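Read the structure below first, then the notes.
As a basis for the values below, the full set of heavy atoms in this structure was taken, side chains included, without hydrogen atoms, waters or symmetry mates. Source: prediction; values computed, not measured. In what follows, chains carry the letters A, B, and so on, assigned in the order in which the sequence lines appear, proteins first and then strands, with residues in each chain numbered from 1.
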2 protein chains.
Amino acid sequence: MGPAKENVSSQTQNRPNEWKIEQGLAGADLPLLDMTGPETKIIPPQVFGKPTKNVEAIKAVGDRNQLFKMERKGWKGFVEWENHPEKKAAAHKILTLQTFPPNPEFQMGEIPPTNPVLPGTHWKMWHHAIGGELDAVPDDSWKTVLEEKHPDMLHLLQFPYNGEPPKRLVTDQVITPNPLHFVRNHGGIPIINRDDFSFLIDGLVANPQSFTLDDLMDESRFPRVKKTITMQCSGTRRIEQILKYPGQGDEVPQAPWAEGAIGTAEYEGVSLKKVIKACGGLVDGAKHLEFYGAETYFKDDHCMNYIASVPWSKVKANEVLLVWNMNGEPLPRIHGFPLRTMVLGYIGARSVKWLYRIKAIREPSRAPVQSQEYLYFPQQVGKHNFRLTDGIQIQEMPVSSAIMSPWTKQVVVHAGKIRCKGWAYSGGGRWPERVELSADGGFNWYTVPLEHMSKKRTWTWRTWEMDLPCDAEGWIEIVVRCWDNALNTQPPDVRTAWNWGLHVTSSCHRISVYSVNTTKPETKARMDEFERRGVPFAPLTVPLAFPAQTWEDYEKFWEKNGPRDAEDD
Amino acid sequence: MGPAKENVSSQTQNRPNEWKIEQGLAGADLPLLDMTGPETKIIPPQVFGKPTKNVEAIKAVGDRNQLFKMERKGWKGFVEWENHPEKKAAAHKILTLQTFPPNPEFQMGEIPPTNPVLPGTHWKMWHHAIGGELDAVPDDSWKTVLEEKHPDMLHLLQFPYNGEPPKRLVTDQVITPNPLHFVRNHGGIPIINRDDFSFLIDGLVANPQSFTLDDLMDESRFPRVKKTITMQCSGTRRIEQILKYPGQGDEVPQAPWAEGAIGTAEYEGVSLKKVIKACGGLVDGAKHLEFYGAETYFKDDHCMNYIASVPWSKVKANEVLLVWNMNGEPLPRIHGFPLRTMVLGYIGARSVKWLYRIKAIREPSRAPVQSQEYLYFPQQVGKHNFRLTDGIQIQEMPVSSAIMSPWTKQVVVHAGKIRCKGWAYSGGGRWPERVELSADGGFNWYTVPLEHMSKKRTWTWRTWEMDLPCDAEGWIEIVVRCWDNALNTQPPDVRTAWNWGLHVTSSCHRISVYSVNTTKPETKARMDEFERRGVPFAPLTVPLAFPAQTWEDYEKFWEKNGPRDAEDD
């Protein structure tokens with residue numbers, strides 16, 4: 001694995017005095033509000049009941065091992081649904097002949113303190129209910145997670161797998177190592193042999209045809225493209241919306257993403273435009289390309305493949321790639337091996353993994369992912385009245401940013417400046433021009449010096465670091481905002497942009513930390529006393545274990561400032 | 001039990017149409033953010049470890065049954081510490097010869113979903129460590145809770161007992177029935193026989209003397225006083241501060257009070273002024289009265305009685321009573337039987353229960369409750385730097401108010417107006433003049449009509465009800481504020497007045513509810529469809545179980561409003 005390392009910290013490592021991080025107690029003993037700690041221990045989520053089945057009626061539908069058997073050699077866990085209405089009908093019958101226990105509720109109460117956070121109860125049960133080729137998928141997928149991902153990943157949803165890196169590692173490097181790159185899967189992970197792989201381009205193209213990986217890799221046919229791309233899930237920072245107000249619980253539970261559902265990697269592949277041209281181009285008014293993923297997607301008791309679409313204009317601009325390498329290695333299975341699309345500057349949901357088909361069509365896809373999900377609703381709309389057409393189909397992400405250090409509920413011991421770091425990103429090929437920080441909840445803003453921001457690129461985030469001036473003590477609110485090259489900036493708070501689907505949390509990221517400013521003599525004296533006595537300052541809430549003041553001092557105060565109760569003199 | 005019933009609801013029961021509450025789904029199936037539900041089931045809090053003792057060394061201190069034996073006939077659970085330095089010294093030795101397991105941490109993580117919420121680990125262990133007369137106190141106190149208080153009480157702290165009525169009952173009546181009145185005890189409940197009771201007045205008075213209850217009840221000596229009084233704990237609504245930022249964890253854990261740490265009752269007794277006069281009045285520059293409660297209080301491994309003081313000016317104004325009846329009945333044991341002080345318009349902490357002594361002194365009490373606790377700190381002050389003298393000693397409470405219905409996270413189905421109810425109060429004898437509600441987070445304010453407010457009195461709260469106009473749907477924020485007769489009003493938000501001691505949460509009370517306005521045709525149609533299909537609307541987060549829109553409608557929308565992606569025409 002050889003991503004170009006652009007670690008911001010290393011850029012500044014020659015200035016230890018200026019940039020020495022006042023670690024103090026931050027992150028040491030303090031419990032954190034966020035879900036990232038403890039990081040390594042896998043605590044299983046709550047186990048739920050079993051489905052209630054009409055066993056005889058299900059048997060009457062047919063032998064599930066036959067109905068849903070392996071279709072393509074070397075494609076484990078794959079069922080092609082879209083060309084097989086009879087399979088869809090059988091699956092629908094099987095699913096409606098049983099009652100599944102409810103998904104865990106996590107928005108109204110507390111986010112479970114487990115890792116994985118949510119089990120994906122329904123999706124596991126649905127796979128087992130269909131059986132055949134799908135039966136082993138939940139277990140195979142979890143095995144793949146454990147093989148391919150970093151042991152400290154925060155597993156927001158066990159199946160279909162949704163995970164993000166722990167806070168401390170999100171912006172540790174400008175290029176995210178593959179094991180730490182976030183994953184938002186919508187189904188199980190198909191295990192596909194490279195040599196058995198091909199995908200079809202059909203629909204409204206002049207000459208429908210199939211391509212193998214070797215076809216795509218033939219540089220005499222398709223020029224090779226390498227691009228560094230930041231991908232973001234439209235659910236990034238959803239936890240902030242959930243903690244403010246509950247919203248729609250999707251069929252796939254709305255994973256309570258923190259700031260890590262964003263990652264940057266160098267991808268290698270070809271421009272889809274060239275491959276479409278190799279099929280003779282679009283015909284009959286085609287304006288959109290529909291991507292088919294090999295995973296099975298469930299919606300309203302129906303089985304289908306994962307399908308999303310992008311407009312031809314995006315493909316024409318060479319902003320849609322078909323890629324097989326990620327950071328110099330073959331795509332990990334969990335990221336779509338052997339081939340996926342990469343749609344530059346769009347939300348991750350459009351970059352379909354385990355691609356097996358591209359279909360040229362006239363209108364944006366009517367498949368559920370495009371027409372019923374990833375919708376950005378206005379504020380007056382919710383369960384009581386929403387229509388699908390009330391939502392904007394989310395393609396490009398707006399400008400956003402996040403503070404990755406310090407974290408909410410940490411104590412930061414500093415000498416007038418607080419070291420902060422994080423990321424900033426804008427979708428659609430726009431880029432962060434200016435990042436600003438506030439230590440007072442968003443009243444005064446300081447600009448991050450350009451020399452402490454990573455390189456400006458069309459399709460990537462910028463990571464940044466800054467020593468933020470802070471005089472105030474006690475709980476302070478640090479806020480970040482970004483201005484992109486089109487001078488877009490972020491809504492001030494979560495309420496402003498809260499939406500029923502809990503997507504696109506692009507409001508200014510706010511964290512609360514407890515500031516201890518050792519340039520204040522009283523504070524310096526108290527902190528020295530903690531040290532002298534060998535008493536830890538943390539946890540913050542434990543009462544002071546020594547007198548706050550001598551009685552002599554106390555009496556002197558009242559001599560000078562008494563009486564307690566004003567008198568009529 | 002015969003409080004004058006002034007139930008606001010009953011005032012308006014002749015106008016069923018105007019005042020019909022749109023109950024809809026509010027409070028039915030919805031989990032609540034607050035701690036009041038489920039109400040009746042007692043779920044024990046987490047059990048903690050045992051102290052590590054130096055058994056031999058403790059034995060060497062003496063026989064605890066002898067050291068701390070019953071002192072006064074008919075006074076179970078009472079130890080007089082203040083006149084017995086040798087007992088204090090023995091107790092201190094015993095306490096420091098063992099290590100107690102940590103108290104539960106509940107501010108950094110989640111508030112436990114148990115009832116009792118917190119166990120009071122240390123206080124139970126300390127009582128058992130002292131043994132003798134204190135050994136049975138934790139159990140006796142809990143038995144008293146179960147005998148005297150309403151089964152639906154929210155037990156915030158099991159021992160010393162801290163509890164408040166469930167939300168739905170806080171303002172159900174203008175006069176709080178005794179079993180529902182909040183309790184904030186600082187120690188165990190002494191079980192005192194009425195006929196064995198007397199208390200001493202000493203210190204800087206001309207003629208120190210003792211009084212029995214019969215002495216006080218002798219109307220030829222002391223004129224009888226009956227007063228309706230609202231008592232408020234300075235911890236009321238502390239949960240809002242905790243949820244915003246953690247703060248000091250007291251020796252008695254900071255009970256996470258909601259809006260119910262306030263109650264109103266009619267008390268019967270005598271003015272302390274007359275009793276002081278019966279002692280010949282104050283001498284030698286006395287300016288404060290120190291009240292001694294029979295419960296044992298612990299601070300920094302020292303045992304003491306519960307002691308607080310008030311200024312003579314307050315007594316002189318006949319604003320300090322010695323009372324034996326509460327709502328026409330003898331004081332419940334948990335509220336101080338047989339005699340307590342009632343300090344009008346001051347925080348509850350000054351109204352000492354199980355009164356056994358009053359001492360006239362020159363300065364405000366230096367006992368911990370007065371000098372080290374109930375302090376209102378400024379914002380830059382906390383564990384890192386606070387001195388006791390940074391805090392204002394809390395006596396009068398400022399103007400405040402709370403919404404008792406609806407509750408945060410409830411769904412409210414209404415026809416353009418939301419029925420709200422709650423309380424408003426101001427300390428120091430000031431009274432609520434105007435209560436205002438906002439349905440938009442505090443931008444527009446509506447005045448509660450005077451005819452929907454309970455009677456104006458010098459020393460009590462006012463309960464109120466209002467149908468608040470609300471057009472908006474989805475999550476809305478309802479806010480209440482009160483203006484008292486001195487035109488004081490409340491800080492806008494928790495941050496403004498957050499303080500390290502987590503006292504006096506007087507900021508505008510804000511609740512988030514999900515508004516469903518059936519005057520909107522789309523909403524009406526959707527709600528009718530829920531009813532027609534027999535599908536419950538709650539829980540809110542469960543996805544819509546039927547199509548949000550027909551496909552015909554969907555396609556029509558795009559015919560009219562397409563394309564999805566703007567084109568360059």
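- Scanning both residues, B:P256 and B:L118, for their nearest heavy atoms gives CD-CD1, 3.9 Å.
- When each of A:D553, A:D568, A:T523 is checked for heavy-atom pairs under 4.5 Å with chain B, A:T523 comes out on top.
- The minimum heavy-atom distance between A:L375 and A:Q393, with the atom names listed, is CD2-CG, 3.7 Å.
- Partners of B:T496 under the side chain to side chain contact (heavy atoms under 4.5 Å, CB included) rule, at least two apart in sequence or in another chain, are B:P491, B:P492, B:D493.
- Note: B:S371 leads B:A472, B:S371, B:P311 in heavy-atom pairs under 4.5 Å with chain A.
- Heavy-atom pairs under 4.5 Å with chain A were tallied for B:Y245, B:W551, B:F557; the largest tally goes to B:Y245.
- Of all the listed residues (A:H384, A:E473, A:Q549), the one sharing the greatest number of non-hydrogen pairs under 4.5 Å with chain B is A:H384.
- If you tally non-hydrogen atom pairs under 4.5 Å between each of A:G441, A:G562, A:A548, A:S515 and chain B, the highest count goes to A:A548.
- Ring-plane geometry between B:F546 and B:F530 is classed as perpendicular, the angle between the planes exceeding 60 degrees on a 0 to 90 degree scale with a lower cut at 30.
- With a 4.5 angstrom heavy-atom cutoff, B:S313 does not touch chain A via any of its atoms.
- Taking every heavy atom of both residues into account, A:S365 and A:E290 meet most closely at OG-OE2, 2.7 Å.
- Contacts between A:Q107 and chain B at a heavy-atom distance below 4.5 Å involve backbone atoms as well as side-chain atoms.
- Chain A forms more heavy-atom pairs under 4.5 Å with one residue of B:T389, B:D300, B:N385 than with any other, namely B:T389.
- Annotation: maximal heavy-atom pairing with chain B below 4.5 Å, among A:P102, A:P246, A:G474, A:P563, occurs at A:P246.
- Atoms CG and CG, on A:N499 and A:D390 in that order, are 12.0 Å from each other to the nearest 0.5 Å.
- Using a 4.5 Å cut-off between heavy atoms, B:Q254 makes no contact with chain A at all.
- When each of B:I476, B:V513, B:N517 is checked for a side-chain contact (heavy atoms from CB on, under 4.5 Å) with B:V412, only B:V513 meets the rule.
- If you measure heavy-atom distances from A:Q395 to chain B, the contacts under 4.5 Å come from both the backbone and the side chain.
- With chain A as the partner, the residue from B:V381, B:L544, B:L388 showing the most heavy-atom pairs under 4.5 Å is B:L388.
- Crowding of A:K299 atom NZ: a count of heavy atoms from other residues, nucleotides or ligands under 6.0 Å exceeding 12.
- Note on A:K287, A:Q248, A:K244: by heavy-atom pairs under 4.5 Å with chain B, the leading option is A:K287.
- A salt bridge is absent between A:R495 and B:E477; no separation between the charged side-chain nitrogens and carboxylate oxygens falls under 4.0 Å.
- The contact between B:P364 and chain A is made entirely by side chain atoms (from C-beta outward), counting heavy-atom distances below 4.5 Å.
- Note on B:F386, B:W475, B:W558: by heavy-atom pairs under 4.5 Å with chain A, the leading option is B:W475.
- Across A:E363, A:Q379, A:K520, A:R366, the residue that shares the most heavy-atom pairs under 4.5 angstrom with chain B is A:R366.
- B:E522 has no carboxylate O lying under 4.0 Å from a charged side-chain N of A:R387, or vice versa, which leaves the two without a salt bridge.
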